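Worth saying up front: this structure is predicted, and the values here are computed from it rather than measured. Numbers restart at 1 for each chain; the letters A, B, ... are given by sequence-line order, proteins then strands.
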Amino acid sequence: EAQVTQNPRYLITVTGKKLTVTCSQNMNHEYMSWYRQDPGLGLRQIYYSMNVEVTDKGDVPEGYKVSRKEKRNFPLILESPSPNQTSLYFCASKLGRSPENTIYFGEGSWLTVV
Amino acid sequence: SQQGEEDPQALSIQEGENATMNCSYKTSINNLQWYRQNSGRGLVHLILIRSNEREKHSGRLRVTLDTSKKSSSLLITASRAADTASYFCATVAFESGTYKYIFGTGTRLKVLA
């Protein structure tokens, strides 16, 4: 089954404690991305990657890092989480650069930073 | 950058009725897509309409696009309780060397059985 898998689904952590949210897709997609979803703000893009070893900042990259060492994986790293990073995070992928590619989303990761 | 703004923010209807939600945006687009999100879950693609198209159908879904007004509408006919979800429009436009997908804030639809 074609899917985007992210873990953990739910996490409560403390300010400053580094964490990584993993993301993996099994569709051989070139493009992967991370979004955060906050009430009243919709989905905002954090980082995206066009292919292996190619990453770019989205609209809200501050406080986050990503890496793309393999095509299927795109982890999101919070080096020193802060309470304003409490949010619902989505990993997503699409086939390539075409504007008509459908975006496939993971099930989301609820992150709470206390 | 452009932003898709959905209207209404929330909509409650009876099963069997039609549901209409609207999306407005600010700049030129390549296409506009609609996605659905069940509570707390990932978004799922519903339908895409290109900038040179005016109307598109998929099952019980009908999407229109008016590029002169920079607006789109999603109509769900004969709604069912299972249609209860949030619906998002995403505008796709070329910006800074790549195609950017900008999601709106969504319309929460509740279909009462």
Side-chain angles (χ1 to χ4, degrees), chain A residues 1-7 9-10 21 23 25 27 29-51 54-61 87-112, chain B residues 1-10 21 23-53 56 58 63 65 85-108:
Chain A
E1 181 190 352
Q3 57 186 5
V4 178
T5 304
Q6 51 185 112
N7 283 293
R9 295 289 316 280
Y10 304 92
V21 186
C23 174
Q25 49 92 7
M27 296 170 278
H29 284 172
E30 289 189 348
Y31 182 102
M32 296 185 75
S33 180
W34 277 101
Y35 293 86
R36 61 178 288 173
Q37 184 177 30
D38 302 288
L41 296 177
L43 271 77
R44 294 179 293 168
Q45 191 179 53
I46 302 170
Y47 269 95
Y48 64 96
S49 169
M50 293 286 200
N51 214 325
V54 180
T55 62
D56 278 294
K57 295 178 180 179
D59 297 316
V60 288
S87 188
L88 175 57
Y89 290 87
F90 288 102
C91 181
S93 73
K94 65 186 184 82
L95 182 62
R97 294 173 181 260
S98 169
E100 297 193 1
N101 288 159
T102 297
I103 298 181
Y104 293 83
F105 285 86
E107 287 294 284
S109 295
W110 291 89
L111 172 64
T112 301
Chain B
S1 60
Q2 63 199 358
Q3 173 77 45
E5 298 285 343
E6 283 93 341
D7 169 62
Q9 290 187 336
M21 49 207 90
C23 171
S24 61
Y25 57 93
K26 296 176 182 174
T27 62
S28 297
I29 60 172
N30 177 281
N31 67 76
L32 186 145
Q33 303 178 21
W34 285 90
Y35 288 77
R36 166 195 167 124
Q37 182 184 33
N38 287 353
S39 182
R41 307 293 293 275
L43 280 72
V44 175
H45 180 261
L46 293 176
I47 194 167
L48 177 154
I49 187 164
R50 298 183 180 93
S51 61
N52 61 355
E53 296 176 318
K56 206 158 183 182
S58 176
V63 171
L65 179 65
S86 291
Y87 293 82
F88 294 84
C89 68
T91 54
V92 184
F94 195 75
E95 182 181 313
S96 302
T98 187
Y99 284 101
K100 291 189 69 81
Y101 290 60
I102 304 293
F103 288 84
T105 52
T107 291
R108 294 189 311 279

### Query
B:Leu43 versus A:Leu43: any side-chain heavy-atom pair under 4.5 Å?
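The answer is yes; the side chains approach within 4.5 Å.
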Residue part contacting chain B, namely of [X], when any heavy atom lies under 4.5 Å:
{"X": "A:Ser98", "answer": "backbone"}
{"X": "A:Tyr104", "answer": "neither"}
{"X": "A:Asn101", "answer": "both"}

### Query
Around A:Arg97, counting heavy atoms of other residues, nucleotides and ligands shown, do more than 12 lie under 6.0 Å from its CZ?
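Counting neighbours around CZ of A:Arg97, 12 or fewer heavy atoms of other residues, nucleotides or ligands fall under 6.0 Å, so no.
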### Query
Does CZ in A:Arg44 sit with more than 12 non-hydrogen atoms of other residues, nucleotides or ligands closer than 6.0 Å?
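Check passes, neighbour count above 12.
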### Query
How long is the gap from OG1 on B:Thr105 to CG on A:Asp38, to the nearest 0.5 Å?
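Nearest 0.5 Å value for the OG1-CG distance: 12.5 Å.
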#### Entry: Atom pair NZ/CG of B:Lys100 and A:Asp59 - distance to nearest 0.5 Å
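So the gap between those two atoms works out to 4.5 Å.
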### Query
Got a donor-acceptor contact below 3.5 angstrom from the B:Tyr101 side chain to the A:Pro99 backbone?
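Present.
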### Message
Using a 3.5 Å distance criterion without hydrogens, assess whether the side chain of B:Tyr35 forms a donor-acceptor pair with backbone atoms of A:Ile103.
### Response
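Indeed, once roles are kept as given, a pair shorter than 3.5 Å links the two residues.
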### Task
List the steps and the verdict of side-chain contact (heavy atoms from CB on, under 4.5 Å) for B:Phe88 and A:Gln37.
CA-CA 12 Å; B:Phe88 294 84; A:Gln37 184 177 30; 3.3 Å; yes
#### Entry: Residue among B:Arg50, B:Gln9, B:Gln33 with most heavy-atom pairs under 4.5 Å to chain A
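Ranked by heavy-atom pairs under 4.5 Å with chain A, first place is B:Arg50.
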### Query
Which region of B:Gln37, side chain (C-beta onward) or backbone (N, CA, C, O), has a non-hydrogen atom less than 4.5 Å from a non-hydrogen atom of chain A, or is it both or neither?
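The side chain, not the backbone.
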